[in-house]
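What follows is one structure encoded as structure tokens, with my remarks underneath.
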There are 2 protein chains.
Amino acid sequence: MHTCANRAGEMSVAGNKGKGSRVSIKDVARAAGVSHSTVSRALRNSPLVNAETAAHIRRIAEEMGYIPNIVAQSLVTQRTYTVGLVVTTISDPFIDQIVEGIEDLATREGYSVFLSSSHADPGREIAVVEAFHRRRVDGVIVLASRVGSMYTERLQELGVPIVLINNQADGAYLYSVSADDLSGARQAVRHLVDLGHTCIGYVGCHFRPPSNRRRLEGYRQELARAGLPYESDLVVHPKTFSDVENGRLALDALLNAGATAAFCYNDRMAIGLMAEARHRGIRVPEDLSIVGFDDIEASSYVFPSLTTVKQPRFEMGMRAMQMLLDLLAGQEVDDDLMPCELVVRESTAPPRKESLWQTCAK
Amino acid sequence: MHTCANRAGEMSVAGNKGKGSRVSIKDVARAAGVSHSTVSRALRNSPLVNAETAAHIRRIAEEMGYIPNIVAQSLVTQRTYTVGLVVTTISDPFIDQIVEGIEDLATREGYSVFLSSSHADPGREIAVVEAFHRRRVDGVIVLASRVGSMYTERLQELGVPIVLINNQADGAYLYSVSADDLSGARQAVRHLVDLGHTCIGYVGCHFRPPSNRRRLEGYRQELARAGLPYESDLVVHPKTFSDVENGRLALDALLNAGATAAFCYNDRMAIGLMAEARHRGIRVPEDLSIVGFDDIEASSYVFPSLTTVKQPRFEMGMRAMQMLLDLLAGQEVDDDLMPCELVVRESTAPPRKESLWQTCAK
DNA sequence: GCCCGATTTGCACACGTGTGCATCACCGAA
DNA sequence: TTCGGTGATGCACACGTGTGCAAATCGGGC
């Protein structure tokens, strides 16, 4: 059957419409009356070939609609110019811009990216790593919220550089770029403190331990700085798999603890919390101020619009890709911590007067 | 330099940790004391090799951590088992589930997907097609809202099957799966009619002509069915590049035309319209009912939650991929029209009493 | 004992490209 | 004229895998 394709290739000197121009370097060589080596060199701008010969060859190649076959190139150069990108799920409003940043730089540098989702399922994680291995990707970027130790171990067996986003981990081939959770959390809480809140809750995420720990730590540090006590019942970690749902579930605990404000692990939780508050007739921000994290698109058009901590997601994606490129070029790289920035919108306000008289429930 | 890699390959019989198991079929052959052909056949479960020999070879391959090199396989089989996926932008809440559906089926069938975004920029579109061509993808799925004629022409030159999502077009290699815009729009408008609205606006999208035309047609048909007149000033097409912004901009025209309800081209427009209405003190749904299209995640947690037309996005993605698989298997396929379903939430209600006395502004 | 068929294996080539090395032509200098 | 040098080109092999065909082996029937 592919003998046919061959024929098509030979005929394509006449016309290369229809069948996807199966013109090879040899066809060009024949047409130009030179060897395929010379064509190869001419197309790669090698100084070894005569300038006009090269120009001539390039013109012929152009006319014949020659398009290099990266597959064949990869076989000899041992480089596929592809990177594998693993995400937990594509349906996460948080990742869009990161992926965009990665893809943008990758494309510009002649790389293509394989997108796969793991769904935090060990079986699929293994399958993804296998696929990347079989395809001989040059590097891998992991944008999964959860990275089990077995997983990283398997990843390292690939023998290619790996960049983790928002997921520090140890390992010879593991590098990372992450948002500065600590500083971001501190900015969020400080904002609430500055507004006059003294009873501030934290709605954490049970399934992203590393970053959750750092954001919680930022919350503690800022409370301490303000001279406010750390009350453990103001900190809740709902354990559903849905962020929005977890936000909803957190409301009761917060109210019982007397919170007038809450800092949430991410925007979707904040939005869930906000929805539940409205449902119960609790006004945001009058009765409860809410701050999120991430600055996903929806946070700007929910009502009230959400005060949140913006992660430079596009830049983080680009940075991760750049790190991979550097590693592939044999350079040394350092892990990267990207700055976050508070975005003040409508979901935060000073506590109501009466709450000045009241301390936390306890 | 890659001679080094070779060495590593030969040493890896001892231990394949660290360097990504550069074990080739030849290494396995040597270890098993057979020719590489036999190994190749054994691994592909060819009936041509002796059963126990095959078992033995497979065990050795397993032990040595052999992982087939798809790149090399592709070169001879003329199949890369990759598909190219073009989207306009990844940062579109509409596409997430579609991509997920595509990726899900693709992975299950041993395919990997290259993700690229065109940003509706001709230059990048060309670059994407080029990249797919160089990589010799087996097929392409286009999830771009805008598909220029020049673009499709270039795509067809790839000589591989192409499946368009939500974008019918003519061409030998062009197939499509799309949501049933007409029926969806009719359901939306009928819902408003059933609630008692007689002055219903349409907020269209200037940049997606084909689907916009169909949704507008659905709107017209349903008005006609209800015996309501088609008033051209109830139909607006803002021309910003932001959907949300376009929704905002539409409000004035709708109010001037006396609309008590509006059907929007998509959810983001609906959300923009809703935000602007709130900003102006116009209550939704009491003063203005709003219906969107798509059922993006945010539509369920904005306030009020959005009544909308749900597209079976995950299924559409899977269907598109399945179509590609069928085409690659040489089967004939028919274009597919997926049913949409109305999801009633809080953004729609009967018009207020007084509007019963009032007809459209005109 | 010989031959034929069936089963199993290996040889050799192909896929499309890159590159070390030898070859060749040409030119200037001795 | 001869020689060495330089620039341009082609030959041949490599990358890792699949496969047609020939060869080898084995078993059984005459």
Side-chain angles (χ1 to χ4, degrees), chain A residues 1-10 12 20-30 32-57 61 64 66-81 133-136, chain B residues 1-10 12 20-30 32-57 61 64 66-81 133-136:
Chain A
M1 186 215 288
H2 70 263
T3 318
C4 257
N6 241 356
R7 294 261 164 69
E10 294 180 351
S12 65
S21 88
R22 294 286 172 238
V23 182
S24 85
I25 219 175
K26 286 183 189 168
D27 299 321
V28 177
R30 205 171 311 134
V34 296
S35 75
H36 85 274
S37 327
T38 304
V39 175
S40 173
R41 287 194 257 263
L43 296 177
R44 319 192 102 253
N45 297 317
S46 160
L48 287 179
V49 339
N50 180 287
E52 14 183 348
T53 313
H56 180 228
I57 290 175
M64 295 177 70
Y66 168 74
I67 293 195
N69 185 331
I70 299 199
V71 176
Q73 291 181 341
S74 300
L75 198 55
V76 29
T77 61
Q78 304 285 52
R79 279 272 179 116
T80 56
Y81 291 93
H133 204 158
R134 286 202 309 260
R135 300 211 174 268
R136 301 294 193 265
Chain B
M1 187 212 292
H2 69 262
T3 319
C4 256
N6 242 355
R7 293 261 163 69
E10 293 180 352
S12 65
S21 90
R22 293 288 171 235
V23 182
S24 84
I25 220 175
K26 287 184 188 168
D27 299 319
V28 177
R30 204 172 311 135
V34 296
S35 74
H36 86 273
S37 327
T38 304
V39 175
S40 172
R41 287 194 258 262
L43 296 177
R44 319 192 102 252
N45 297 316
S46 160
L48 288 179
V49 325
N50 180 286
E52 15 183 347
T53 313
H56 181 227
I57 291 176
M64 295 178 68
Y66 169 73
I67 293 196
N69 186 330
I70 299 197
V71 176
Q73 291 180 341
S74 300
L75 197 55
V76 30
T77 61
Q78 304 284 52
R79 279 272 178 116
T80 57
Y81 291 93
H133 205 158
R134 287 202 309 260
R135 301 213 174 266
R136 301 294 193 267

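In what follows, chains carry the letters A, B, and so on, assigned in the order in which the sequence lines appear, proteins first and then strands, with residues in each chain numbered from 1. Since we're looking at a predicted model, the values are computed, not measured.
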task = Give a yes/no on whether any side-chain N or O of B:Gln73 is located under 4.0 angstrom from OP1 or OP2 of D:dG18.
result = yes

task = Whole angstrom is fine here: how far is it from NZ in A:Lys26 over to C1' in C:dC13?
result = 11 Å

ask   = For B:Thr53, which contact category applies under a 4.0 Å heavy-atom criterion: base, sugar-phosphate, or nothing?
value = sugar-phosphate

query = So what does B:Val34 hit on the nucleic acid, given a heavy-atom distance under 4.0 Å: a base, only sugar-phosphate, or nothing?
reply = sugar-phosphate

request  = Ignoring backbone atoms, test whether B:Ser40 places a side-chain nitrogen or oxygen under 4.0 Å from the OP1 or OP2 oxygen of D:dT17.
outcome  = no

inquiry  = Tell me whether the side-chain N/O atoms of A:Gln78 come closer than 4.0 Å to OP1 or OP2 in C:dG18.
reply    = no

inquiry  = If I take atom NE2 in residue A:His133 and atom P in nucleotide D:dG16, what distance separates them, rounded to the nearest angstrom?
reply    = 12 Å

query = Roughly how far, to the nearest 0.5 Å, is CD1 of B:Ile57 from OG of B:Ser40?
reply = 10.0 Å

request  = In whole angstrom, give the distance that lies between atom CG of A:Asn50 and atom C1' of C:dC27.
outcome  = 16 Å

key: Interatomic distance, A:Asp27 CG vs C:dG16 P [rounded to whole Å]   = 8 Å

note = Which of D:dT17, C:dG10, D:dC15 is nearest the side chain of B:Ala72? It is D:dT17

query = Counting distance only, does the side-chain N/O of B:Thr80 pair as donor-acceptor with the main-chain N or O of B:Ser74 below 3.5 Å?
reply = no

Separation of atom CZ in B:Arg134 from atom C1' in C:dT17, rounded to whole Å = 15 Å

query = Within this structure, what is the CZ-to-P distance between B:Arg135 and C:dC15, rounded to whole angstrom?
reply = 22 Å

query = Could one point to a donor on the side chain of B:His36 or the base of D:dG18 with an acceptor on the other under 3.5 Å away?
reply = yes

query = Counting only side-chain N and O atoms of B:Ser35, is one of them less than 4.0 Å from OP1 or OP2 of C:dG10?
reply = yes

request  = Give the rounded distance in Å between these two atoms: CG of A:Leu43 and C1' of C:dG18.
outcome  = 12 Å

query = On a plain distance test, is the side chain of A:Arg22 in donor-acceptor contact with the base of C:dG16 below 3.5 Å?
reply = no

request  = To the nearest 0.5 Å, tell me how far B:Gln73 CD sits from B:Ile25 CD1.
outcome  = 8.0 Å

inquiry  = Just so I know, are the side chains of A:Arg135 and B:Tyr81 near enough to count as touching, which here means a heavy-atom distance under 4.5 Å?
reply    = yes

ask   = Of B:Leu48 and B:Ile70, whose nearest nucleotide on DNA chain D comes first from the 5' end?
value = B:Ile70

Distance in angstrom units between B:Ile25 CD1 and D:dC15 C1', rounded = 13 Å

Of A:Arg41, A:Arg30, A:Lys26, the residue whose pairing with A:His36 passes side chain to side chain contact (heavy atoms under 4.5 Å, CB included) = A:Lys26

message = For D:dG16, does the base pair up with any side-chain atom of A:Arg136 as donor and acceptor (N or O, under 3.5 Å, distance only)?
response = no

task = Would you please confirm or rule out a distance under 4.0 Å between OP1 or OP2 of C:dT17 and any side-chain N or O of A:Ser37?
result = no

Pairwise 5' ranking along DNA chain D for B:Pro68 and B:Arg41, keeping only the more 5' one = B:Pro68

note = Separation between CZ (B:Arg134) and CD1 (A:Ile70), nearest 0.5 Å, reads 4.5 Å

ask   = Within less than 4.0 Å of OP1 or OP2 of D:dT17, is there a side-chain N or O belonging to B:Asn69?
value = no

